[in-house]
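Here is the structure we will look at.
Just so you know, residue 1 is the first one in the sequence shown, and it goes up from there.
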Amino acid sequence: MFLNVLSLLVGFLCLFVAVLMFFNSKPNRKINIYLIIILFVAGLQRFSNAIEVLGVTTITFSPLKIRLTLAFYIIPIYYLFFRRLIHKKRQIKKELLHFILPTVLVLIDVLIDGYKINHLFYLVFSVCYFVSILLLVNKLLQTKRLSMFEKGSYKTIRTWTLLMTIIAFSLVVCSNYFLFNETTSKIDLNVFYRVSSLLWLTALIYIFKNPIIIFGEHNFLKSLHKNELQDLLIWHTKSLKVIDEKDKMIYNAIFNKIDSIILDIQILQKSVAVISTNTLTAKTIARELKIPKSHLELVFKYYCHYSINDFSNLVKINYALSLINDGYLKDYTVASLGEKCLFNSRFTFSKNFKKFTGLSVSDFINAQIK
């Protein structure tokens, strides 16, 4: 009973997130449409199956129970989801080619009474696609050239990718099992929906904890000037690594103050009065917060994703992004913007802008306009 109710809840949440992403897709040109489809299908399957098992209806609305050949669509959709996630390109014409065979098979199933899926054919079909997914995932895991902001979100995307890989793997294994045990497929399908809801619940929790998955990279890029989002990429609430023996004395002395120090730094990095007149070096920050420099260095070493130097440049770039957002470049040049953000030269400014955002100033502005 518990798993049936859980399946109903997971189905509803999947449908809710799919609708949320769909209505967000117009302003966000980089939304992954295949994730929306996956969430919609997963939600529809579990929701319709749950209301059937719970006795709300005696009619089955589960797509796969009605027509098993629809399974041929699911694996390519997962593959294309991973392809867009990792390559970040839309190639509509090439993507449509993946649906030709499934469409042919569904039409044959509709037109020919008693048509049965060839089990071995589906096995080869699904395994080939899953191997292709693994190759894409491996490419993501081997990625080395990232902007600083991308490095901040890389762990999120990597974890999300691995989580979806597990879901895809369970789908391939279970769908083949059902086909090779055709006489009990409906019963096993009910079990699969209930048990796999635990996996999907984990995925949904991860989605809600990481809004970039729902709202997409483009909207996230447009919001980089908002420090609230950046705080998630800069600071960590727990130590990022084991405390070295040489640092334990200072760490024990300031342990209860670490959260407060991080909060003070976050307030400082948002203070236009400070960042427009001072480069945030270790000495400057320690002076502003009235704490020993050694305490500050420890906090950065164990709780910040960036070195103090990178953090300083990040704050400058963040200030530049807020100025761009306020229309600064309508009246002033890029060189002037760099000077206002306390960079020594236009070259240094452009280099750091590209380093943190992955885009040149002109490309960033164009992305804002779209």
Side-chain angles (χ1 to χ4, degrees), residues 23-31 88-90 145-153 211-212 214-235 263-289 300 304-370:
F23 284 103
N24 182 61
S25 63
K26 291 183 180 179
N28 187 341
R29 298 177 185 274
K30 289 191 176 181
I31 207 76
K88 300 178 182 178
K89 293 180 180 179
R90 294 188 301 171
R145 299 184 65 180
L146 297 167
S147 71
M148 294 298 282
F149 278 130
E150 286 174 328
K151 287 178 181 177
S153 60
I212 188 175
I214 297 177
F215 297 110
E217 297 172 5
H218 185 72
N219 277 355
F220 187 69
L221 181 63
K222 289 177 72 175
S223 304
L224 284 177
H225 64 277
K226 295 181 180 178
N227 288 312
E228 290 79 4
L229 286 175
Q230 288 192 4
D231 289 343
L232 300 176
L233 303 177
I234 298 172
W235 300 100
L263 179 60
D264 288 341
I265 297 172
Q266 289 174 338
I267 294 172
L268 187 67
Q269 75 189 56
K270 299 172 188 177
S271 172
V272 175
V274 174
I275 64 177
S276 62
T277 56
N278 295 277
T279 295
L280 296 184
T281 61
K283 183 178 179 181
T284 303
I285 299 173
R287 185 183 69 240
E288 290 287 337
L289 300 186
F300 269 93
C304 187
H305 290 286
Y306 303 100
S307 65
I308 295 180
N309 184 59
D310 277 337
F311 172 78
S312 175
N313 287 326
L314 168 61
V315 171
K316 291 179 182 180
I317 294 301
N318 181 69
Y319 182 39
L321 291 171
S322 66
L323 290 172
I324 292 173
N325 186 63
D326 291 337
Y328 183 89
L329 291 178
K330 292 179 180 178
D331 301 312
Y332 300 96
T333 64
V334 173
S336 172
L337 177 63
E339 290 177 8
K340 188 168 181 64
C341 297
L342 306 182
F343 283 101
N344 295 327
S345 66
R346 175 171 177 169
F347 172 77
T348 305
F349 170 58
S350 298
K351 180 182 177 182
N352 277 281
F353 195 96
K354 182 73 177 287
K355 176 181 179 180
F356 284 101
T357 68
L359 298 171
S360 65
V361 179
S362 59
D363 287 342
F364 180 84
I365 294 172
N366 290 334
Q368 292 282 82
I369 295 172
K370 291 180 180 180

Is any NZ, NE, NH1 or NH2 atom of the basic residue among Lys354 and Asp363 found under 4.0 Å from an Asp or Glu carboxylate oxygen of the other?
no
Donor-acceptor pair, side chain of [X] and main chain of [Y], under 3.5 angstrom:
| X | Y | answer |
| --- | --- | --- |
| Thr348 | Phe343 | no |
| Thr277 | Val274 | yes |
| Ser271 | Ile267 | no |
| Lys340 | Ser276 | no |

Are Ile265 and Phe311 side-chain neighbours, meaning at least one heavy-atom pair lies under 4.5 Å?
yes
Can you see which heavy atom on [X] is nearest to which on [Y], and at what distance?
| X | Y | value |
| --- | --- | --- |
| Lys316 | Leu342 | NZ-O, 3.2 Å |
| Leu280 | Ile275 | CD1-CG2, 4.0 Å |
| Phe356 | Asp310 | CZ-O, 3.3 Å |
| Gln266 | Lys270 | O-CG, 3.2 Å |
| Leu314 | Tyr306 | CD2-CE1, 3.6 Å |
| Ala320 | Phe349 | CB-CE1, 3.8 Å |

Taking atom types as modelled, find out whether [X] and [Y] have a side-chain donor-acceptor pair closer than 3.5 angstrom.
| X | Y | result |
| --- | --- | --- |
| Thr281 | Thr279 | no |
| Ser312 | Asn309 | no |
| Ser336 | Tyr328 | yes |

Around atom CG of Asn344, are there more than 12 heavy atoms of other residues, nucleotides or ligands at under 6.0 Å?
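12 or below, so no.
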Rounded to the nearest 0.5 Å, how far apart are CG of Asn278 and CD of Glu288?
6.0 Å
So Leu323 and Cys341, side chain to side chain contact (heavy atoms under 4.5 Å, CB included) or not? Walk me through it.
CA-CA 9 Å; Leu323 290 172; Cys341 297; 4.0 Å; yes
Could you check, using the six-membered ring where one of them is a Trp, whether Phe300 and Trp235 have ring centers closer than 6.0 angstrom?
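Close enough - the centres of the two rings lie under 6.0 Å apart.
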Side chain to side chain donor-acceptor pair (under 3.5 Å) between Ser322 and Asn325, intermediate numbers included
CA-CA 5 Å; Ser322 66; Asn325 186 63; over 6 Å; no
